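See below for the structure under consideration.
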Amino acid sequence: MPQPVLAEEALARPCVLAGQESVDDNREPPVGDRLSITLAESDGVTVVAAHGEVDRDSAPQLLQALTAGDSSACRTVLNLSGITFMDSSGINVLIVAHRSAESSGGWLRLAAPSPSLARLIQIVGLDEVIPCRPTVQDALGD
């Protein structure tokens, strides 16, 4: 079983990770507000699974996970099924990560948002910029 990866170490790793690894923030936010992130690889695509709340305090952690890697093309699916809250900081992270992936010849796809998060993504028009699929399998299959 792979060893956990600290957020600082994730920056030095290539975009496509071998096996499943986790990136956890070492800070101790209030109970219930913690964002946990797990990275896995599926057929050359990095799958980032986020659980918890994405706000101004946790957004940098998500950005780091989505943009970690070298300058090679990154293909990433962000599994949103575990996100319980996202504010404008989270929306901004998704836009920055999308632009970063595209500039290196890769892409970012969103997958499995809750109904309320899917509505937020629609309201701000993010689904017109970043592909959003109902399941991780659908996002991987595109």
Side-chain angles (χ1 to χ4, degrees), residues 1-30 32-114 116-142:
M1 181 164 223
Q3 294 296 316
V5 176
L6 297 176
E8 298 81 34
E9 294 172 347
L11 287 175
R13 293 188 176 254
C15 183
V16 178
L17 302 172
Q20 186 173 6
E21 300 177 289
S22 64
V23 177
D24 285 320
D25 194 2
N26 290 328
R27 293 178 297 146
E28 291 295 328
D33 292 340
R34 184 176 189 103
L35 178 67
S36 65
I37 298 172
T38 303
L39 305 175
E41 190 272 339
S42 178
D43 294 326
V45 176
T46 300
V47 178
V48 177
H51 300 275
E53 298 181 355
V54 181
D55 57 20
R56 71 180 182 95
D57 294 327
S58 61
Q61 181 185 353
L62 180 59
L63 180 61
Q64 186 174 30
L66 291 172
T67 59
D70 59 18
S71 60
S72 65
C74 294
R75 298 180 307 150
T76 306
V77 170
L78 174 57
N79 181 348
L80 296 167
S81 64
I83 297 296
T84 56
F85 172 82
M86 182 180 288
D87 67 8
S88 61
S89 302
I91 298 297
N92 288 329
V93 162
L94 298 179
I95 293 167
V96 169
H98 166 71
R99 289 179 179 164
S100 177
E102 279 197 332
S103 72
S104 66
W107 45 257
L108 172 66
R109 294 181 186 144
L110 308 177
S114 67
S116 61
L117 187 53
R119 182 72 178 131
L120 173 65
I121 289 168
Q122 280 184 319
I123 288 171
V124 299
L126 197 58
D127 58 333
E128 299 292 323
V129 178
I130 305 171
C132 188
R133 304 292 182 256
T135 68
V136 172
Q137 282 306 114
D138 288 338
L140 288 169
D142 281 354

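Remember, it's a predicted structure, so these values are computed and weren't measured experimentally.
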Between the side chain of Arg133 and the main-chain N/O of Asp138, is any donor-acceptor distance below 3.5 Å?
no

Full working for side chain to side chain contact (heavy atoms under 4.5 Å, CB included) between Leu126 and Leu110
CA-CA 10 Å; Leu126 197 58; Leu110 308 177; 4.2 Å; yes

Where Asn79 and Ala112 come nearest, the two heavy atoms and their spacing
OD1-CB, 3.9 Å

As an exercise, state the distance from CG of Leu66 to CD of Gln61, rounded to the nearest 0.5 Å.
10.5 Å

In Å and rounded to the nearest 0.5 Å, what is the OG1 to NE2 distance from Thr84 to His51?
11.0 Å

Between Ser81 (side chain) and Pro113 (backbone), is there a donor-acceptor pair under 3.5 Å?
no

Quiz question: by atom type and distance under 3.5 Å, do the side chains of Ser58 and Asp55 form a donor-acceptor pair?
yes

Enter the distance from Leu39:CG to Thr46:OG1 here, rounded to the nearest 0.5 Å.
7.0 Å

Going through the checks in order, is the side chain to side chain contact (heavy atoms under 4.5 Å, CB included) test met by Val129 and Leu94?
CA-CA 10 Å; Val129 178; Leu94 298 179; over 6 Å; no

Gap between atom CE of Met86 and atom CD1 of Ile121 - 0.5 Å precision:
6.5 Å

Locate the shortest heavy-atom distance separating Val77 from Ala111; write the atom from each residue and the value.
CG1-CB, 3.8 Å

Note, Leu78 side chain near Leu62 side chain (heavy atom, < 4.5 Å)
yes

From CA spacing to verdict: side chain to side chain contact (heavy atoms under 4.5 Å, CB included), Leu120, Ile91
CA-CA 9 Å; Leu120 173 65; Ile91 298 297; 4.1 Å; yes

Which heavy atom of Ala97 sits nearest a heavy atom of Thr67, and at what distance?
CA-CG2, 4.1 Å

Does any part of the side chain of Val136, heavy atoms only, come nearer than 4.5 Å to the side chain of Val47, both counted from C-beta?
yes

Rounded to the nearest 0.5 Å, the CZ atom of Arg34 sits from the CD atom of Glu53 at a distance of 13.0 Å

Give a yes or no answer on whether the side chain of Arg75 reaches the backbone of Gly44 with a donor-acceptor pair at less than 3.5 Å.
yes

Inter-residue atom distance Leu35.CG - Ile83.CD1, 0.5 Å rounding
5.5 Å

